[in-house]
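See structure below.
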Amino acid sequence: MSQNSSSSLLINRPKISTKISLIFSLADRLLKWYDRQSDTHTKMPWRGEADPYCIWISEVMLQQTQVATVVDYYRRWLEHFPNVQSLAQANLDEVLKVWEGLGYYTRARNLHRAAQVIVSDYNGEFPQQYNTIKTLPGVGEYTASALSSIAFNQAVPVVDGNVLRVYSRLLCLVDDIRNPKTKLLARAGLQKLIPQDRPGDFNQALMDLGRNVCQPRQPQCHVCPVQELCCAYNRNRTGDFPVKSKAKATPTFQIVVGIIYKDGKVLIQRRPPKGLLGGLWEFPGGKIEAGETPENALIREIREETGLEVEIGSQLTQLKHAYTHFKINLTCFVCEYQSGTARPKASTALRWVKPGELTKFAFPKANQKILPLLTPDK
Ligand code: SF4
């Protein structure tokens, strides 16, 4: 049965207390369903894991990233850094290299910093209380809730995008889920529903339900364990929820980078440790300003960033890449070194590297796409 409705007329804000009384059996139904999902659990190597370190790594990797993508990264990460001590002792280059390709690199830098804090301030033992976990670098409400409930059995609800969608449909919530207040509302509501004996499983069940059943466009209501309790389903209005205002349009920037050759090596620079793609290596270049040709912009950027003068050669490639808040159209040229001594002006380090050795460094995704195009013997 189709559950979509074209009606844009939303119902009045429901009386939450009344709604909640209707769904007190939510936990019971969800947990019974969760216990039957052996296929789902098998696909996630961290499921059933008791070690807070492993749960932490998996939860951080899962933010903004599909389960199928995370599985290999998770395994590889634990091979390199099997515990909090090994992560704390690793150098940042190694950490970023193992994370390379997973995106949102701040997560990797924060894992590294937080591991060092756990070793120095907590004697290598993971702190157990929600409020203490939340003080670790990079640990926000989501990660602290997931860790304290899954690893330490504390009744703290997790509210991610999947959970918000389920909650909104269960209650026919008229509040915009992009509004931070809606998240607080959901958290307060779920706090009343989360069972004391299995809080971690309850949270994971809700997240699984959102990810695998209550999907954004086509919720699989016919297999949903909470169908009878669901307001949106019962009113034939699943298409109306969650209420979500339009996202702002993302800007697109024109970027140019240069592969500068000198004596068979190419120049790479390391981005500052904080901010977008912090600590990663990249080819020099930058934004093409209004009125500039890509070639002129590249000469200017290379001069500003490295102090070098170069001659622009042939265009190597053009590619597009989307980051969270903007997109880039990137043009890449081969350049020949002319004069000057390379000095880092916009980066923390510059290095001349043989093309065949570039894969030892961690690069952002857009730069990674350039690497296979370089001729090692140039
Ligand atoms: S019944 Fe449908 S809309 Fe309601 S929670 Fe289940 S999958 Fe989502």
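Worth saying up front: this structure is predicted, and the values here are computed from it rather than measured. In listed order, ligands and their atoms are each counted from 1. We count residues from 1, following the sequence as given.
- Looking at atom 2 (Fe) of ligand 1, its nearest protein heavy atom turns out to be Cys221 SG, 2.3 Å.
- Short contacts between ligand 1 and Gln227, defined as distances under 4.0 Å to a heavy atom of the residue, involve ligand atoms 1 (S).
- Taking the six-membered ring wherever Trp is involved, the centroid distance between the rings of Phe81 and Trp77 falls below 6.0 Å.
- When ring centroids are compared, Tyr74 and Trp46 come within the 6.0 Å threshold.
- Heavy-atom proximity to Tyr233, at under 4.0 Å, picks out these atoms of ligand 1: 1 (S).
- Residue contacts to atom 2 (Fe) of ligand 1: Cys214 brings no N, O or S atom closer than 2.8 Å.
- At least one N, O or S atom of Cys224 sits under 2.8 Å from atom 6 (Fe) of ligand 1.
- Contact check on Lys97 versus Glu94 returns no salt bridge, with no Lys/Arg side-chain nitrogen under 4.0 Å from an Asp/Glu carboxylate oxygen.
- Aromatic ring centres of Phe253 and Phe326: separated by under 6.0 Å.
- At a heavy-atom cutoff of 4.0 Å, ligand 1 is contacted by no atom of Ala232, backbone or side chain.
- Aromatic ring pairs are classed by plane angle as parallel below 30°, tilted from 30° to 60° and perpendicular above 60°; the pair Phe283 and Phe363 is parallel.
- Disulfide status for Cys231 with Cys172: present, SG atoms under 2.5 Å apart.
- Set against the non-hydrogen atoms of Thr238, the atoms of ligand 1 under 4.0 Å away are 3 (S).
- The closest protein non-hydrogen atom to atom 4 (Fe) of ligand 1 is Cys230 SG, 2.3 Å.
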